Q: 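If you scroll down you'll find the structure; I have some questions about it.
This structure is a prediction, so every number in the text was calculated from the model and none was measured. In this chain, numbering begins with 1 at the start of the sequence shown. We use all heavy atoms of the structure for the numbers below, so side chains are in, but hydrogens, waters and symmetry mates are not.
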Amino acid sequence: MKANKIIAAALAVLTLGFVACNPNGNDPDQKLTITPAQAEVAVGATVQLSANMDVTWSSSDANIAAVNDKGLVTGNAKGEVTITAKAVKSNATATCKVTVKEGGVTPSSVPEVNVADKSLADWDALPAEYVVSAVCPDGASMLGLKSVKVYATEMYISILAEPNFDDITDFEWVPFHVYIDSDNSDQTGGYGDEFTDANADILCESGIFAWDYEANPNGPATPAEAANAYNPAVFKWWGEVGGSGWNWTDPAVSHDASDFWGAIIGEGQLPVGNSQFVDGKVEIQLLRELLGTVFAMNDSEFGIGFDIQQNWNSVGILPIGEDTDANPGGHVAKLKVKINK
Ligand SMILES: [Ca+2]
Ligand SMILES: [Ca+2]
């Protein structure tokens, strides 16, 4: 696929550029992240932060919000603080902006998925009417994705994806693409290559598995060893409405190669997403609130679809139907997700 070759070329160029200053390459396993990336708490209430490694926690102003050694933040007075996590084994730091609101603010009753708990039980507790699923039929043209579930709130898009490890065997870099019709409109967006509705406005691109060369010089023994933080580069559709192919960037920002890293943020910069690998599945959370600072977002419903790649070729698409003479490729429209709020 042409788009993949261009992405691969851009990756190769950027990899060369980064080698000199980053001996670890682009290995996101080494990157400290906090979940959630930002939070709100009422005076007298608490909110739990999590980090993806052992850290110490500190607050920029404990009079406004204090944090304990487990990442539990307590709101003390109206205001804003920065909570900093510092990695025990390195000097890496990551921050979370916490806004404390005055008492009387009722804590949101909307449940969120937790992508730092090494558990999928939280999915069972979500309101079923807001959880959308797709399962790959046996007769599909591509079997690399067994199933996905999607759940969205005003803050997050949460995704549970199950790769098919018969098709995913080379863990050097396994791209997982998320295509979002953010405004729920066929009058904007494009990319009809893998779905019948060519209306995607946003493309999120990152790997869900990447081989950590330092930890596993001979290659990962298991998918868990290759599991990779999903912090995507985010691209905007700028081809013709309803078009196909590689038209993902923002010409209003720039035309140069650096823009291939996305319309708003790129890999390894501001956290857009987070993820964990549990029981053969990948739990991903995208910060919908942050996407909304750049993209038009429908506030009640949106469309979403996915592909997974092996050696830069798509081997799985969801949703997908059976591959038939009437519908070669079995392409279908993206899933529709209602936002719980
Ligand atoms: Ca979970
Ligand atoms: Ca659209």
Q: Determine, stepwise, if the pair Ile157 / Val150 fulfils side-chain contact (heavy atoms from CB on, under 4.5 Å).
A: CA-CA 7 Å; Ile157 298 171; Val150 186; 4.0 Å; yes

Q: Locate the shortest heavy-atom distance separating Gln309 from Ile168; write the atom from each residue and the value.
A: O-CD1, 4.2 Å

Q: Rounded at 0.5 Å granularity, tell me how far NZ in Lys78 sits from CD in Glu102.
A: 5.0 Å

Q: Between the side chains of Thr93 and Asn91, does any donor sit under 3.5 Å from an acceptor?
A: no

Q: Within the distance-only criterion (no hydrogens, no angle test), does the side chain of Asp279 pair as donor or acceptor with the backbone N or O of Lys281 below 3.5 angstrom?
A: no

Q: Please table the atom pairs, donor to acceptor, closer than 3.5 Å between any side-chain atom in residues 126-139 and protein atoms at least two apart or in another chain.
A:
none

Q: Checking side chain to side chain donor-acceptor pair (under 3.5 Å) for the pair Asn231/Ser206: CA distance, chi angles, key distance, verdict?
A: CA-CA 6 Å; Asn231 182 27; Ser206 182; over 6 Å; no

Q: Strictly distance-based, threshold 3.5 Å: is any side-chain N or O of Asp54 a donor or acceptor partner for the main-chain N or O of Val88?
A: no

Q: Is the backbone N or O of Pro111 less than 3.5 Å from a side-chain atom of Tyr151, with the two atoms forming a donor-acceptor pair by type?
A: yes

Q: Between Phe171 and Glu225, is any pair of side-chain heavy atoms under 4.5 Å apart?
A: no

Q: When the ring centroid of Trp211 is compared with that of Trp173, is the distance short of 6.0 Å?
A: no

Q: Enter the distance from Ser119:OG to Asn114:CG here, rounded to the nearest 0.5 Å.
A: 8.5 Å

Q: Check whether the side chains of Asp201 and Thr188 place a donor and an acceptor atom closer than 3.5 Å, and report yes or no.
A: yes

Q: So, the side chain of Arg288 versus the backbone of Glu154: is there a donor-acceptor pair under 3.5 Å, distance only?
A: yes

Q: Indicate the atoms forming the closest heavy-atom contact of Ile208 with Phe176, along with that distance.
A: CG2-CB, 3.5 Å

Q: Is there side-chain contact between Leu160 and Val282, with heavy atoms separated by less than 4.5 Å?
A: no

Q: With side-chain contact (heavy atoms from CB on, under 4.5 Å) as the test, would you mind laying out the steps for Ile304 and Asp181 before giving the verdict?
A: CA-CA 6 Å; Ile304 194 165; Asp181 174 22; over 6 Å; no

Q: Between Gln310 and Thr169, which heavy-atom pair has the shortest distance, and what is it?
A: OE1-N, 2.6 Å

Q: Would you say Phe165 and Leu145 are hydrophobically clustered, going by side-chain heavy atoms of ILVMFWY under 4.5 Å?
A: yes

Q: Taking the inter-plane angle between the rings of Trp237 and Trp248 on a 0 to 90° scale, is it parallel (under 30°), tilted (30 to 60°) or perpendicular (over 60°)?
A: perpendicular

Q: What pairs with Met142 under side chain to side chain contact (heavy atoms under 4.5 Å, CB included), at least two apart in sequence or on another chain?
A: Ser314, Ile317

Q: Look at the side chain of Asn164 and the backbone N and O of Asp166, then say whether any donor-acceptor pair between them is shorter than 3.5 Å.
A: yes

Q: Could you tell me whether a side-chain N or O of Gln276 sits under 3.5 Å from a main-chain N or O of Lys118, the two making a donor and an acceptor?
A: yes

Q: Step by step, would you call Tyr156 with Leu287 a side-chain contact (heavy atoms from CB on, under 4.5 Å)?
A: CA-CA 5 Å; Tyr156 296 113; Leu287 197 53; 3.4 Å; yes

Q: Quick check for you: to the nearest 0.5 Å, what is the distance between Leu143 atom CG and Ile308 atom CD1?
A: 12.5 Å

Q: Do side-chain atoms of Ser182 reach the backbone of Ala296 as a donor and acceptor pair under 3.5 angstrom?
A: yes

Q: Between Ser141 and Ile320, which heavy-atom pair has the shortest distance, and what is it?
A: OG-CD1, 3.8 Å

Q: Do Met297 and Ile202 touch side chain to side chain, with heavy atoms closer than 4.5 Å?
A: yes

Q: Just by distance, no angles: are the side chains of Glu205 and Tyr230 close enough, under 3.5 Å, to form a donor-acceptor pair?
A: no

Q: Can you tell if the side chain of Val178 reaches within under 4.5 Å of the side chain of Leu203, non-hydrogen atoms only?
A: no

Q: Just checking, is any N or O donor in the side chain of Glu40 or Thr99 under 3.5 Å from an acceptor N or O on the other one?
A: no

Q: With no hydrogens and no angle check, is any side-chain donor or acceptor of Ser275 less than 3.5 Å from a backbone partner on Ile284?
A: no

Q: When rounded to the nearest 0.5 angstrom, what is the spacing between CZ in Phe306 and OG in Ser147?
A: 10.5 Å

Q: Can you tell me if Thr33 and Asn274 form a side-chain donor-acceptor pair at under 3.5 Å?
A: yes

Q: Scan the side chains in residues 61-77 for donor-acceptor partners under 3.5 Å anywhere in the protein, sequence neighbours excluded, and list what turns up.
A:
{"from": "Asp61", "atom 1": "OD1", "to": "Asn63", "atom 2": "N", "distance (Å)": "2.9"}
{"from": "Asn68", "atom 1": "OD1", "to": "Lys70", "atom 2": "N", "distance (Å)": "2.8"}
{"from": "Asn68", "atom 1": "OD1", "to": "Gly71", "atom 2": "N", "distance (Å)": "3.1"}
{"from": "Asn68", "atom 1": "OD1", "to": "Leu72", "atom 2": "N", "distance (Å)": "2.9"}
{"from": "Asn76", "atom 1": "ND2", "to": "Ala62", "atom 2": "O", "distance (Å)": "2.8"}

Q: Minimum heavy-atom separation for Ser244 to Gly192, with atom names?
A: OG-N, 3.4 Å

Q: List the steps and the verdict of side chain to side chain donor-acceptor pair (under 3.5 Å) for Gln285 and Ser158.
A: CA-CA 4 Å; Gln285 202 158 55; Ser158 297; 2.9 Å; yes

Q: Restricting to side chain to side chain donor-acceptor pair (under 3.5 Å), what partner residues turn up for Asp122, sequence neighbours left out?
A: none

Q: Find out whether Pro232 and Leu286 are in side-chain contact, i.e. whether some heavy atom of one side chain is under 4.5 Å from a heavy atom of the other.
A: yes

Q: Do you know the tightest heavy-atom contact between Ala39 and Leu49?
A: CB-CD2, 4.5 Å

Q: Counting only heavy atoms not in Lys341 (residues, nucleotides, ligands), do more than 12 fall under 6.0 Å from its NZ?
A: yes

Q: Without placing hydrogens or testing angles, list every side-chain donor-acceptor pair under 3.5 Å for residues 328-337, not counting sequence neighbours.
A:
{"from": "Lys334", "atom 1": "NZ", "to": "Asp197", "atom 2": "O", "distance (Å)": "2.7"}
{"from": "Lys334", "atom 1": "NZ", "to": "Asp197", "atom 2": "OD1", "distance (Å)": "3.4"}
{"from": "Lys334", "atom 1": "NZ", "to": "Asn199", "atom 2": "OD1", "distance (Å)": "2.8"}
{"from": "Lys336", "atom 1": "NZ", "to": "Asn184", "atom 2": "OD1", "distance (Å)": "2.5"}

Q: Is there a donor in the side chain of Trp123 and an acceptor in the side chain of Glu283, or the other way round, less than 3.5 Å apart?
A: yes

Q: How many angstroms lie between OG in Ser60 and CD1 in Ile83, if you round to the nearest 0.5 Å?
A: 6.5 Å

Q: Walk me through it: do Thr153 and Glu112 pass the test side chain to side chain donor-acceptor pair (under 3.5 Å)?
A: CA-CA 8 Å; Thr153 63; Glu112 292 285 6; 2.7 Å; yes

Q: Given Trp246, which partner from the list Phe235, Tyr191, Trp238 fulfils the ring-ring contact (aromatic ring centres under 6.0 Å, His included) test?
A: Phe235

Q: Decide yes or no for Ile180 and Leu291: does some side-chain heavy atom of the first lie under 4.5 Å from some side-chain heavy atom of the second?
A: yes

Q: Can you tell if the side chain of Met53 reaches within under 4.5 Å of the side chain of Lys89, non-hydrogen atoms only?
A: no

Q: Could you check if a side-chain atom of Asn340 sits within less than 4.5 angstrom of a side-chain atom of Lys338, using non-hydrogen atoms only?
A: no

Q: Just by distance, do the side chain of Asn228 and the backbone of Val174 share a donor-acceptor pair under 3.5 Å?
A: no

Q: So which pairs with a foot in residues 272-292 pass ring-ring contact (aromatic ring centres under 6.0 Å, His included), sequence neighbours left out?
A: Phe209-Phe277

